[in-house]
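Just so you know, ligand 1 is whichever comes first in the structure, and atom 1 is the first atom listed for that ligand. All of these numbers come straight from a predicted model, not from anything done at the bench.
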Amino acid sequence: MLLIGSHVGMSGKEMFLGSVKEALSYEANTFMVYTGAPQNTRRKELSELRIPEALALMKEAGIEQFIVHAPYIINLGNAVNSSTYELAVEFLEKEIARSAGMGSHILVLHPGSHVGEGKETGIRKITEGLNQVLTADTPVCVALETMAGKGSEIGSRLEELAEIYEKTIHSEKLRVCLDTCHMHDAGYDVVHDFDGILTAFDKLFGISQIAAVHLNDSKNPCGARKDRHANLGDGYIGFDALSYIAHHPVLADVPKILETPYIPLPENPDKKVPPYKEEIRLLRRDVS
Ligand code: FE
Ligand code: FE
Ligand code: ZN
């Protein structure tokens, strides 16, 4: 069965229990969650997240795996501002503990931005941070996300992620998260040559290192380095290419996660609603 879900929220009284309910409302069989607002580091205690109830509901519904995404403000690549870097290291440690406490084995992380110091310095800083945090006993894997390459982002080339692997002592704790919008924006031909991308990936990492796929269309042409997600079929990648990826046999056991934008209601454009139930249905129906 197609392993598909979306990112879901975690807030209010229900917290993580609400996340699972949201995923089920989209008829998803996996999901991705932020442990709080992705833009800040305010986080509730694990004891306040209603984890046992959430896990019980997941079990009942047959959801076996989900993914946690670290907040954007974690930038391990920052060699300029040491307090940003230190905050990133400290917060990454906490996010790993939180992910494990919630029952996830995968924490998705944007590798970081070099903020003007160049890729070499950025990559060195990122691996320094990972080496500070990852040990043989780290209970989750950190999945480095492929990036669009906007600003000074590191990770728009698979080779950059491979370099991080190479320099990380406990690289057995690393994985990769492929974001289709980001790869397309970074110049990879996701539309016509996804298998070529998989072959290149396999040479660098081994296919088993793909821990998650972010399935998004893109508002911009290939190579635009913009990172603006579009709904499936509304962008430059197109539904057929995205469906091909979703149903790719090599990725059968890899969670596919939608991060597509909310859609304004035709009768009330100020109100936006999640597209996930519909997009999941469209993908499930497309078994050609
Ligand atoms: Fe991301
Ligand atoms: Fe993503
Ligand atoms: Zn993105």
Side-chain angles (χ1 to χ4, degrees), residues 3-10 19 23 28 30-41 66-77 88 91-92 95-96 98-99 104 106-113 126 140-158 160-161 164 174-188 190 194 197 201 209-232 234-237 241-242 245-246 251 254-262 274-276 279-280:
L3 195 53
I4 180 90
S6 69
H7 67 141
V8 295
M10 184 166 73
S19 312
T30 185
F31 61 92
M32 179 174 82
V33 70
Y34 290 88
T35 64
Q39 313 86 346
N40 68 48
T41 56
F66 71 98
I67 285 166
V68 178
H69 197 310
Y72 309 139
I73 67 155
I74 292 189
N75 183 10
L76 291 178
F91 200 71
L92 181 57
E95 283 288 276
I96 286 172
R98 251 189 305 263
S99 302
S104 177
I106 300 290
L107 174 65
V108 172
L109 175 73
H110 294 182
S113 295
I126 290 164
V140 305
C141 288
V142 171
L144 305 168
E145 182 166 347
T146 58
M147 302 309 291
K150 67 175 185 307
S152 64
E153 272 172 1
I154 286 162
S156 61
R157 302 295 312 167
L158 290 173
E160 293 167 17
L161 300 183
I164 296 174
L174 293 179
R175 294 291 184 275
V176 177
C177 169
L178 300 180
D179 186 310
T180 55
C181 168
H182 297 175
M183 295 195 88
H184 163 90
D185 281 27
Y188 285 96
V190 170
F194 186 68
I197 295 171
F201 186 96
Q209 294 299 298
I210 303 174
V213 170
H214 286 170
L215 200 69
N216 305 305
D217 212 326
S218 172
K219 290 191 173 155
N220 292 285
C222 182
R225 306 176 82 86
K226 290 274 205 240
D227 189 4
R228 293 191 61 218
H229 302 190
N231 292 102
L232 305 190
D234 283 353
Y236 280 82
I237 300 176
L242 290 163
I245 295 167
L251 304 173
V254 175
K256 271 73 68 178
I257 304 292
L258 300 162
E259 302 175 300
T260 50
Y262 277 34
Y276 306 123
E279 290 185 337
I280 287 171

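Minimum-distance N/O/S atom of Glu259 relative to the Fe ion (ligand 2): OE1. Distances from the Fe ion (ligand 2) to each N, O or S atom of Asp179 single out OD2 as the nearest. Of all N/O/S atoms in Asp227, OD1 sits nearest the Zn ion (ligand 3).
Without hydrogens or angle criteria, Lys256 side chain to Leu251 main chain gives a donor-acceptor distance under 3.5 Å. Judged by distance alone, with hydrogens and angles left aside, the side-chain atoms of Thr146 form a donor-acceptor pair with the main-chain N or O of Asp179 at under 3.5 Å. Checking side-chain atoms of Asn231 against main-chain N and O of Thr260 turns up no donor-acceptor pair under 3.5 Å.
Among the atoms of His229, an N, O or S atom falls under 2.8 Å of the Zn ion (ligand 3). Under 2.8 Å from the Fe ion (ligand 2) lies an N/O/S atom of His214, whether from backbone or side chain. Put simply, Cys177 stays out of reach of the Fe ion (ligand 1), with no N, O or S atom under 2.8 Å from it. His182 lies close to the Zn ion (ligand 3), since one of its N, O or S atoms is found at a distance under 2.8 Å. At a cut-off of 2.8 Å, Glu259 is not counted among the residues with an N, O or S atom near the Zn ion (ligand 3). With a cut-off of 2.8 Å, the Fe ion (ligand 1) has an N, O or S atom of Glu145 in range.
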Query raised in the report: For His214 and His229, what are the C-alpha separation, side-chain angles and deciding distance, and is it a ring-ring contact (aromatic ring centres under 6.0 Å, His included)?
Result: CA-CA 10 Å; His214 286 170; His229 302 190; 8.0 Å; no
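If you check the side chains of Asn75 and Ser113, you find no donor sitting under 3.5 Å from an acceptor.
Remark: Lys150 engages Glu153 in a salt bridge, criterion side-chain N to carboxylate O under 4.0 Å. Contact check on Arg225 versus Asp185 returns no salt bridge, with no Lys/Arg side-chain nitrogen under 4.0 Å from an Asp/Glu carboxylate oxygen.
With the Fe ion (ligand 1) as the vertex, NE2 of His110 and NE2 of His69 span 90° to the nearest 10°.
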